Amino acid sequence: MEIKKNPKSNLENYSKIFMQIGLVLALFVTYAAIEKKTYDKTTSDLAVISMNADMEEDIPITEVKPPAQPKTPPPPTPEKIEVVEDEKEVEETVIESTETDETEAIVVEEIVEIAEAEEVIEDVNFMIIEDSPVFPGCKGNKKELKKCFSDMVGKHFQRKFDTDLPNELGLSPGKKRVFIGFKIDKQGNIVNVQARGPHPKIEQEVIKVMKLLPKMKPGKQRGKPVGVSFNIPFTLLVE
């Protein structure tokens, strides 16, 4: 059994009308969109911002106080005034005049000349003397004269010392140290000779040898002759 449709309820009969209505609506929307006017958006000017007002700081007003004046010391207490009665006699100080009269003779006391004390310079060590003593025959500058002096004293000791004496005294073999000290006085003479060695006889021999040193040209300190102390060690080799 076939179902029959009502011809009025069939929508296919109205498809052309719906298409035409849709086309008209589309055209209308397009036309309206084209004809719509648009305006440029305008913005009002921004206010000018001033930063100076914000950056200003409130500067406190400082009051400059003058420096405190030092307190003036109280006036000194006046000396006690002694009240003298009228009956008491007061001795007055008489101030004598220092002016002289032409007729008055001036007496001059005897002038005593005071001799100026000579500066005394103590003995100076050979190592620090300004001008060292000069051994006879030495020449050169200050440094060369010092070296020559030491060398010549050493050679003198080696020539004059009795080298057989240590063996004769029966000293044990080996190196023996001898310390010698003496002074060259202001006249260049050898004085105050001292020795310290391994045996008293060796010390006596050393003193005898050093006293045979020739007279020197005295050393000077600040341009004046002075005594110069000299110390030197020697080594004796006992076989």
Side-chain angles (χ1 to χ4, degrees), residues 96 98-100 104-239:
E96 298 181 357
T98 58
E99 296 182 359
T100 58
E104 183 181 353
I106 300 175
V107 179
V108 180
E109 297 180 359
E110 183 180 358
I111 299 174
V112 179
E113 184 177 355
I114 300 175
E116 184 179 355
E118 184 179 357
E119 182 182 4
V120 178
I121 302 177
E122 298 181 355
D123 296 343
V124 183
N125 189 276
F126 180 81
M127 301 304 294
I128 60 174
I129 186 71
E130 292 179 357
D131 298 318
S132 63
V134 180
F135 199 97
C138 290
K139 295 180 180 179
N141 55 32
K142 293 182 179 182
K143 185 177 180 180
E144 292 171 346
L145 288 174
K146 276 190 175 184
K147 184 177 185 305
C148 181
F149 181 91
S150 301
D151 294 343
M152 295 301 291
V153 170
K155 290 179 181 179
H156 171 84
F157 181 82
Q158 292 175 359
R159 289 196 306 265
K160 301 295 183 179
F161 184 78
D162 184 3
T163 55
D164 295 331
L165 182 61
N167 295 324
E168 293 175 0
L169 295 173
L171 298 178
S172 59
K175 295 180 180 180
K176 308 296 180 183
R177 297 282 285 178
V178 179
F179 297 93
I180 306 170
F182 59 90
K183 186 178 82 170
I184 303 99
D185 63 11
K186 296 180 180 180
Q187 289 73 37
N189 300 314
I190 306 300
V191 296
N192 298 341
V193 182
Q194 299 176 355
R196 181 162 56 88
H199 196 280
K201 288 189 176 181
I202 289 181
E203 294 176 355
Q204 294 173 6
E205 177 68 11
V206 169
I207 293 174
K208 182 185 74 174
V209 170
M210 301 314 290
K211 285 184 176 180
L212 296 176
L213 282 168
K215 187 174 182 178
M216 315 283 181
K217 181 179 178 181
K220 292 183 179 181
Q221 187 78 357
R222 303 176 194 168
K224 295 182 179 181
V226 293
V228 180
S229 59
F230 187 83
N231 299 282
I232 183 171
F234 282 99
T235 301
L236 298 176
L237 181 60
V238 181
E239 298 179 353

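Keep in mind that the numbers below use all heavy atoms, side chains included, and drop hydrogens, waters and symmetry copies. Please read all numbers here as calculations on a predicted model, not as lab measurements.
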Going by heavy atoms in the side chains, are [X] and [Y] under 4.5 Å from each other?
{"X": "Pro218", "Y": "Asn189", "result": "no"}
{"X": "Ile129", "Y": "Gln221", "result": "yes"}
{"X": "Arg222", "Y": "Glu130", "result": "yes"}
{"X": "Val209", "Y": "Arg159", "result": "no"}
{"X": "Val178", "Y": "Thr235", "result": "no"}
{"X": "Asn231", "Y": "Asn125", "result": "yes"}
{"X": "Leu213", "Y": "Met152", "result": "no"}

Show every donor-acceptor pair shorter than 3.5 Å between a side-chain atom in residues 134-142 and any protein atom, with sequence neighbours excluded, or say none if there are none.
unit_1 : atom_1 : unit_2 : atom_2 : d
Asn141 : OD1    : Lys143 : N      : 3.3
Asn141 : OD1    : Glu144 : N      : 2.8
Lys142 : NZ     : Asp131 : OD1    : 3.3

- request: Enumerate the residue pairs fulfilling ring-ring contact (aromatic ring centres under 6.0 Å, His included) with a member in residues 211-239, sequence neighbours excluded, ordered by first and then second residue.
  value: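 For residues 211-239, and leaving out neighbouring residues, the ring-ring contact (aromatic ring centres under 6.0 Å, His included) pairs sorted by first residue read Phe126-Phe230, Phe149-Phe230, Phe157-Phe234, Phe182-Phe230.
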What is the distance from atom [atom1] of [X] to atom [atom2] of [Y], rounded to the nearest 0.5 Å?
{"X": "Gln194", "Y": "Lys183", "atom1": "CD", "atom2": "NZ", "value": "11.0 Å"}
{"X": "Phe161", "Y": "Lys208", "atom1": "CZ", "atom2": "NZ", "value": "9.5 Å"}
{"X": "Asp185", "Y": "Lys215", "atom1": "CG", "atom2": "NZ", "value": "8.0 Å"}
{"X": "Glu205", "Y": "Lys160", "atom1": "CD", "atom2": "NZ", "value": "11.5 Å"}
{"X": "His156", "Y": "Asp151", "atom1": "NE2", "atom2": "CG", "value": "14.5 Å"}
{"X": "Ile207", "Y": "Ile202", "atom1": "CD1", "atom2": "CD1", "value": "12.5 Å"}

Nearest non-hydrogen partners of [X] and [Y], listed with the distance:
{"X": "Pro166", "Y": "Leu236", "value": "CG-CD1, 4.4 Å"}
{"X": "Val228", "Y": "Gly219", "value": "CG2-CA, 4.1 Å"}
{"X": "Pro214", "Y": "Ile190", "value": "O-CG1, 4.2 Å"}

- prompt: Just wondering, more than 12 heavy atoms not from Lys176 lying within 6.0 Å of its NZ?
  reply: yes
- prompt: More than 12 foreign heavy atoms under 6.0 Å from CZ of Arg177: is that the case here?
  reply: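 Yes - once you tally the heavy atoms of other residues, nucleotides and ligands closer than 6.0 Å, there are more than 12.
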message: Between Lys186 and Lys224 (side chain of the first, backbone of the second, donor and acceptor by atom type, cut-off under 3.5 Å), is there such a pair?
response: no
